[in-house]
Structures are given as C-alpha cells and as structure tokens.
Amino acid sequence: QRQLVESGGGLVQAGGSLRLSCVARGFTFSIHRMRWYRQAPGKERELVATISDTGRTTTYGDAVKGRFTISRDNAQNTVYLQMNRLKPEDTVTYYCYNEWWGLWGQGTQVTVSS
C-alpha cells in the first residue's frame, strides 16, 4: 500500500527550529520529485518546497525562502523539511506530497508561539 507518513511537528517558540520527516512506503521513492505543502484552516494549500528525485534541485515558496531547507535520503525513503527561524505565521499543518501518485500524507501540525 502506497503511503506517506509525516512526523516531527510540535510546539516551538518563535525563532526556534523543527525538522519534519516524511517516510514513503509502497513505491519507488528515489525516482520521484517530492513536495512539502502547508495549509491553514479555511485556506488553500500553499506550496512550501520541492526537491528533485536526486536531491540536487530544490525550490522554495517566497514565505519560507532562506529559512526552510528541503532534503532527502533515498536510502531511507525519507524527505525532510528543516525549518529555522520559525514565525507565528508558520503555524499550520504541513503535508508531504508525491504528485506522480497523487499521494498525500496525513499531515503534521506545527505551532509557533510568539
């Protein structure tokens, strides 16, 4: 069964850091581009970051550029999102996504206190 399982969310003070992980199961992870999205209640999902299959190419949304870093470990079937200098407006649910399969994870909640 194909699935994505996120972890690593939690509560952190503004200026702090968190690292999110997303483990892929049931498909050949290493040949797929992966993305992180985030979504606040009542709002559209926002693209946070994208990483190519090899990890050599990454892109970021303007709101997180310079603060967040996407990476991957193909041997562990895992994509990461390192989030630094967190702000209260980063308080949302984060999802990893594989567009080939149209597969979303269950989401992990990040809360940044001011």
Side-chain angles (χ1 to χ4, degrees):
Q1 180 183 1
R2 289 183 288 271
Q3 62 177 164
L4 298 171
V5 180
E6 299 104 334
S7 62
L11 174 64
V12 64
Q13 287 189 333
S17 299
L18 282 174
R19 189 176 80 155
L20 306 184
S21 300
C22 171
V23 178
R25 299 186 176 122
F27 62 95
T28 307
F29 176 78
S30 62
I31 64 172
H32 292 290
R33 179 170 58 193
M34 294 295 296
R35 302 185 194 272
W36 282 98
Y37 281 82
R38 64 185 186 181
Q39 186 173 27
K43 295 191 176 181
E44 291 188 2
R45 282 187 181 175
E46 174 190 3
L47 178 60
V48 175
T50 302
I51 188 165
S52 64
D53 55 348
T54 62
R56 292 194 188 102
T57 302
T58 58
T59 58
Y60 298 90
D62 288 341
V64 307
K65 206 171 291 184
R67 299 188 297 124
F68 291 10
T69 303
I70 188 171
S71 62
R72 67 191 295 161
D73 182 342
N74 285 344
Q76 299 295 324
N77 289 348
T78 302
V79 59
Y80 302 99
L81 187 67
Q82 177 67 43
M83 305 186 296
N84 298 330
R85 292 186 281 137
L86 283 161
K87 305 175 181 180
E89 51 263 45
D90 295 320
T91 296
V92 289
T93 302
Y94 288 76
Y95 301 87
C96 62
Y97 176 66
N98 173 269
E99 64 184 313
W100 179 261
W101 295 111
L103 190 61
W104 294 93
Q106 84 285 358
T108 186
Q109 175 68 37
V110 171
T111 302
V112 184
S113 63
S114 56

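A donor-acceptor pair under 3.5 Å links the side-chain atoms of Thr91 to the main chain of Val112, judged by distance alone. The closest donor-acceptor contact from the side chain of Tyr60 to the backbone of Ile70 lies under 3.5 Å. A donor-acceptor distance shorter than 3.5 angstrom exists from the side chain of Arg67 to the backbone of Arg85, with no hydrogens or angles considered. Within the 3.5 Å criterion, the main-chain N or O of Asp53 finds a donor-acceptor partner in the side chain of Asn74. Looking only at distances, no side-chain donor or acceptor of Gln39 sits under 3.5 Å from a matching main-chain atom of Thr93.
The distance from atom CD of Gln76 to atom OG of Ser30, rounded to the nearest 0.5 Å, is 13.0 Å. Rounded to the nearest 0.5 Å, atoms OH (Tyr80) and OG1 (Thr69) are 14.0 Å apart. To the nearest 0.5 Å, atoms CG (Leu4) and OG1 (Thr78) are separated by 10.5 Å. In this structure, the separation between OG1 on Thr50 and CZ on Arg35 is 4.0 Å, given to the nearest 0.5 Å. Atom SG in Cys22 sits 5.0 Å away from atom CD in Glu6 (nearest 0.5 Å). Phe27 CZ to Arg2 CZ: the interatomic distance, rounded to the nearest 0.5 Å, is 8.5 Å.
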Worksheet item: What do the steps show when you test Val12 against Met83 for side-chain contact (heavy atoms from CB on, under 4.5 Å), and what is the final call?
Response: CA-CA 11 Å; Val12 64; Met83 305 186 296; over 6 Å; no

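By the 30° and 60° cut-offs, the orientation of the rings of Tyr94 relative to Phe68 is tilted. Between Trp100 and His32, the ring planes are tilted. Angles from 30° to 60° get that label.
Of the candidates Arg38, Gln106, Arg45, Tyr95 forms a side chain to side chain contact (heavy atoms under 4.5 Å, CB included) with just one, namely Arg45.
Met34 and Val23 end up in different hydrophobic clusters when Ile, Leu, Val, Met, Phe, Trp and Tyr side chains are linked at under 4.5 Å. Transitive grouping of hydrophobic side chains (ILVMFWY, heavy atoms separated by less than 4.5 Å) brings Trp104 and Leu47 into a common cluster. Leu18 and Trp36 fall within a single hydrophobic cluster, where Ile, Leu, Val, Met, Phe, Trp and Tyr side chains are chained together by heavy-atom contacts under 4.5 Å. Cluster annotation: Leu81 and Phe29 are assigned to the same hydrophobic cluster (Ile/Leu/Val/Met/Phe/Trp/Tyr, side-chain heavy-atom contacts under 4.5 Å, transitive).
Between Asp62 and Lys65, at least one side-chain nitrogen of the basic residue sits less than 4.0 Å from a carboxylate oxygen of the acidic one, meeting the salt-bridge criterion.
For the pair Leu20 and Gly9, the tightest heavy-atom approach, listed with the atom from each and the gap, is CD2-N, 3.6 Å.
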